[in-house]
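Note sheet for the following structure.
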Amino acid sequence: MVKIHLLHENKSIECEPGLNLYEVLSREGFMDAPCGGTGLCGKCKVRIDSQEAIPVSETQAAFFTPEQIAAGWRLACLWEVKTDMTVELPQQFQMSNIISQGYMKEFVPDPSALLPGGGADAAQNCYGAAIDIGTTTVVASLVDLNSGREIESLACLNSQKVFGQDVISRIHYAASNPRGTEILQKTIIKDLKNLLNELCRRHDLIADNIYAVSVAANTTMIHLLAGINPEGMGKSPYTPAFQGALSLKGLDLGLPVSPYCDVYCLPTVSSFIGGDITAGVLACSLENANEKTLFIDIGTNGEIVLVDDERFCACSCAAGPALEGMNISCGVRATPGAIEDVFIAGDTVRYATIGNEAATGICGSGLLAAIAEMRRAGIIHKSGRLQAHPLVEVVDGKKRFMVDAGRSLYLTQQDIRQVQLAKGAILSGIYALLEAVGMKAAELHRVIVAGQFGAHLKAESLIGSGLLPAEWSEVISYAGNTSKSGALICLLSQPERAVIETLARNIEYLELSELEGYKDLFIKCMQF
Ligand code: FES
């Protein structure tokens, strides 16, 4: 066996010599790339720390500057692991960049009621974990159950990604393989085990010190965690095997926790409105909202909840991966070096990157900012077509809007179409909800944007790109990872569990595909 030490991750991976470095890293959840390891996309860059000369092929050289080559940057998918090595991951795959914190309402923590024997036997070393399982990332927070204090959060990529990027492909995998559900369950349990073990190791705890776990996740992730086949959610009428909250035994799942530890899964509403969304609604205290409020979590799926007095109405729309920087020619996740804002003045483009680092690509917020600016400058037609302009180059007969010609960063017509699909899905979902409750866009008091995507986003970009209605420019706020916040609240309070379960029962789910005229609305909403 040989050892791969990951710089900055405090972790080493062992593997057989002769394996492909990209395959080892992606199997461990540290990397994923759109070309799947075929040397085409250039998204698997790693820095190999070695005293010896590292060969560089012509294919590799095309993806790097001479300085990067000199510093040891290479494509992982073209590298065979032969001996022990040290590897630095690119910023977008470093786990410290995953947003683990979000807005959390004030509440009174009282975990003792949730512990075996009222927590009497737990004495001093009494800890719990609040977990957010996303389709892409997993976050776990260690919490002191005596004080309610959150001690540390760790994150990793969801290793189920090798079975598909989105929930639909994982449902399909579970449904079409005899052991599919079991394999996916084992995969997520392994991620949770790694995170919990690492948290315990860092804080000198043992598994027996973990007395309670709460999990917020979308409905598919909860099914897979519980080992329940999600097949029914993969086809119309999209029926989950169960709805509501779920309580599991930590030891039955194979988690490194006390034998008394229960795992509370926050309640789901439907196949596509899960515990991550009810968590967000709870964390933002929307059960008490006396204002007309729209809560939206934008990711591969956009989940939207509209609150109007006592009424909660929700829908889910397939936004696709574009707004997460995927399936975009120069797209990257929102990590240092990603272009997060774009300005066009005449024939010049200026931009800002996360952390003011050298630009590595364009993340979702940069993408929307660029689209908003291109619309303003007349570079994109209402239909989405790129227009002739000094900033638009034609390469191999195809138009490209050049964001930074020196670094070869650009947006293609295809990239703009991807954003249009996301815009069509989200905006049509919003209008369908407004219609369902009989509300006009201008009547809304508050829009809360939750999730990884919102963190670097300007209201001007959301409005200017047409993703949200123009009337909302003054009412948008960002809430961060409210899924984890909701899990934390439910870890620490029995009364709040009752609140979220009532909330989940009260949320009406609107299935967009069954609405009359929905296709026309979608197409209309794709227009800029
Ligand atoms: S994985 Fe795409 S180039 Fe290596």
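Both counts, for ligands and for their atoms, begin at 1 and track the order of listing.
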For residues L224 and T220, determine if any side-chain heavy atom of one lies less than 4.5 Å from a side-chain heavy atom of the other.
yes
Numbered atoms of ligand 1 (with element) below 4.0 Å of G42, judged on heavy atoms:
2 (Fe), 3 (S)
Do L248 and C265 touch side chain to side chain, with heavy atoms closer than 4.5 Å?
yes
Hey, which atoms in ligand 1 end up nearer than 4.0 Å to a heavy atom of C77?
1 (S), 3 (S), 4 (Fe)
Quick note on ligand 1: atoms under 4.0 Å from a heavy atom of G39 include exactly 3 (S)
At less than 4.0 angstrom from any non-hydrogen atom of G37, what atoms of ligand 1 do you find?
1 (S)
Within a distance under 4.0 Å of any heavy atom of C44, pick out the atoms of ligand 1 and give their elements.
1 (S), 3 (S), 4 (Fe)
Taking the six-membered ring of F63 as reference, does the cationic atom of K45 (NZ for Lys, CZ for Arg) lie under 6.0 Å from its centre and within 45° of its axis?
no
Contact check, side chains of I183 and Y173, non-hydrogen atoms, under 4.5 Å:
yes
Can you tell me if C41 has an N, O or S atom under 2.8 Å away from atom 4 (Fe) of ligand 1?
no
Find all atoms of ligand 1 within a distance of less than 4.0 Å from any non-hydrogen atom belonging to L40, and give their numbers and elements.
3 (S)
For A140, give me all partners under side-chain contact (heavy atoms from CB on, under 4.5 Å), at least two apart in sequence or on another chain.
I131, L195, L199
Is the terminal nitrogen or CZ of R400 (NZ for Lys, CZ for Arg) located under 6.0 angstrom from the six-membered ring centre of Y410 and within 45° of that ring's axis?
yes
